[in-house]
2 protein chains.
Amino acid sequence: MESKRTQAERSAATRSALVAAARPLFTERGFAAVGTDEIARAAGVTRGALYHQFAGKEELFVAVFEQVESELLARLGAGITTADTSDPVAMLHADVDGWLAACAEPEVHRIVLIEAPAALGWERWRELGRGYGVGLVEAVLDTLMDAGAIARRPVRPLAHVLVGALEEAALYAARAADRPTATDEARQALYALVDGLVLP
Amino acid sequence: MESKRTQAERSAATRSALVAAARPLFTERGFAAVGTDEIARAAGVTRGALYHQFAGKEELFVAVFEQVESELLARLGAGITTADTSDPVAMLHADVDGWLAACAEPEVHRIVLIEAPAALGWERWRELGRGYGVGLVEAVLDTLMDAGAIARRPVRPLAHVLVGALEEAALYAARAADRPTATDEARQALYALVDGLVLP
DNA sequence: GTAACTTACGGACAGGTTGTATGGAAAGCA
DNA sequence: TGCTTTCCATACAACCTGTCCGTAAGTTAC
């Protein structure tokens, strides 16, 4: 019976139902264009439940954002930790490829790259993202600097700049009319950029 | 007398008053957080005038965006056209410096980099920006490719990726607690990136 | 110059949105 | 079982956007 559910289970079910309902709506129409009533109805509850579980619409968006980000991180992290540093160019290229492949999903580029910075503000977006994308790039750079493959320099700013390049490349590729061609163009541009970092 | 103003003058005055009023409001609080009534009152008119002059709030934002962008372009273009291609590294570094200096203004990074992609959608943002930032970077790259300073490759994707890096660097620098240090870190990171493009 | 017409603007209205307050149902605890 | 706390639905208040209509200012025709 449903009656035997514990409070924690009830809350968790409602929260995940709301996040699951909001996720495709935010992906397709953006944060501002979709209302809380539509989300609640899609989740099979009312706005009352939404405002009980989340401080507001923005906090619900944060939950969606973190879900997408953590999935993205898990996906990229798996490919990165298995690389070896003896061929830094190949390693960097593999990372670029993994990123572009992941960003082919509309969820990532719409929620993570488009809506989040405006809905949350750039500062909070970056703060949340530090543990994700930027942190990952920092780890890669740090590994390669330790291995002597690229010049030692402050990691964080370089990681930020690279993340900016990666994000823009992903958007360029994802929104183009001829997506395969654009993806390849973006890939080559990123290759050119990261190859320049590797010491001869 | 006011009575002798022509219709075109009246419209132009109202439009520029609205844009001038909206610009600092959007800069400080963002597109979504400031209402049309507040803008109209700050401009000394009513919402009726706003909706007569602009199709909607979004179109007013576009007018603000284009004003900021065109000022930015004029500022950067002046420094770029006077450079010479004999020293490509110095030329690229000068461009980077000019960009970072321009983005120190809150108007640029808030309106152009944060609000615009979400308020207008990434596609329209990019479309409007093609004539501005991306176009400028394309011009620089094209010049250097013609001069043989960097390898010939598709210009547009590389320009996009670089613009992404430039934008993220500007945001990183502008929002840091210790801005001078962060600006220098961002500058060095961008130098490392663009230096890697220059042929030996 | 004035009459007919177009453009610019102010005020009021309808529709929809977020966030809150209130009441009841379900679960935890004694 | 009785009492408290948590969870959720409904109703409500305060917005905000976009539209409608009336009026005033400017333009054109006669």
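Just so we're on the same page: letters track the sequence lines, and every chain starts at 1.
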State whether B:Thr14 places a side-chain N or O below 4.0 Å from either non-bridging phosphate oxygen (OP1 or OP2) of C:dA8.
no
Take the protein atom CG of B:Leu50 and the nucleotide atom C1' of D:dC20, then report the distance between them rounded to whole Å.
16 Å
List, one per line, each side-chain donor-acceptor pair under 3.5 Å for residues 52-64 of chain B, sequence neighbours excluded.
residue	atom	partner	partner atom	Å
B:Gln53	NE2	B:Ser11	OG	3.3
B:Lys57	NZ	B:Phe31	O	2.8
B:Lys57	NZ	B:Val34	O	3.0
B:Glu59	OE2	B:Arg124	NH1	3.2

In whole angstroms, the gap separating C1' of D:dC8 from CG of A:Leu18 amounts to 11 Å
Check if the side chain of B:Arg47 and the base of D:dG18 share a donor-acceptor pair of N or O atoms closer than 3.5 Å.
yes
Compare all side-chain heavy atoms of A:Glu168 with those of B:Val161 and state whether any distance is below 4.5 angstrom.
no
According to the ring-ring contact (aromatic ring centres under 6.0 Å, His included) rule, which pairs have a member within residues 141-188 of chain B, sequence neighbours left out?
A:His160-B:Tyr172, A:Tyr172-B:His160
If we ignore hydrogens and angles and just use 3.5 Å, is the side chain of A:Trp99 paired with the main-chain N or O of A:Leu76 as donor and acceptor?
no
Separation of atom CG in A:Asp37 from atom P in D:dA11, rounded to whole Å:
13 Å
Atom pair distance, as rounded to whole Å: CZ in B:Phe54 and P in D:dT17
15 Å
For A:Thr6, does its backbone N or O pair with a side-chain atom of A:Glu9 as donor and acceptor, under 3.5 Å?
yes
Would you kindly give the CD-to-P distance between A:Glu59 and C:dT18, to the nearest whole Å?
15 Å
Strictly below 4.0 Å: does B:His52 bring a side-chain N or O up to OP1 or OP2 of C:dC9?
no
Between D:dT27, D:dT19, D:dA9, which nucleotide gets closest to the side-chain atoms of A:Ala49?
D:dA9
Nearest to the B:Lys57 side chain among C:dT6, C:dA26, D:dG18, which nucleotide is it?
D:dG18
Output the rounded distance in Å from CD (A:Glu38) to P (C:dG15).
20 Å
Tell me the interatomic distance from A:Phe61, atom CZ, to C:dT18, atom C1', rounded to whole angstroms.
17 Å
By nearest atom, which of the nucleotides C:dG10, D:dT19, C:dG19 is closest to the B:Thr46 side chain?
C:dG10
Rounded to whole Å, OH of A:Tyr51 lies from P of D:dA13 at a distance of 18 Å
Do the side-chain N or O atoms of A:Gln53 get closer than 4.0 angstrom to the phosphate oxygens (OP1, OP2) of D:dC7?
no
Of all the nucleotides listed (D:dA25, D:dT17, C:dG10), which has the minimum atom distance to the side chain of B:Val45?
C:dG10
Just N and O in the side chain of B:Ser11: are any of them under 4.0 Å from OP1 or OP2 of C:dA8?
yes
Check the phosphate of C:dT18 against A:Thr36, side-chain N and O only, distance under 4.0 Å to OP1 or OP2. Yes or no?
yes
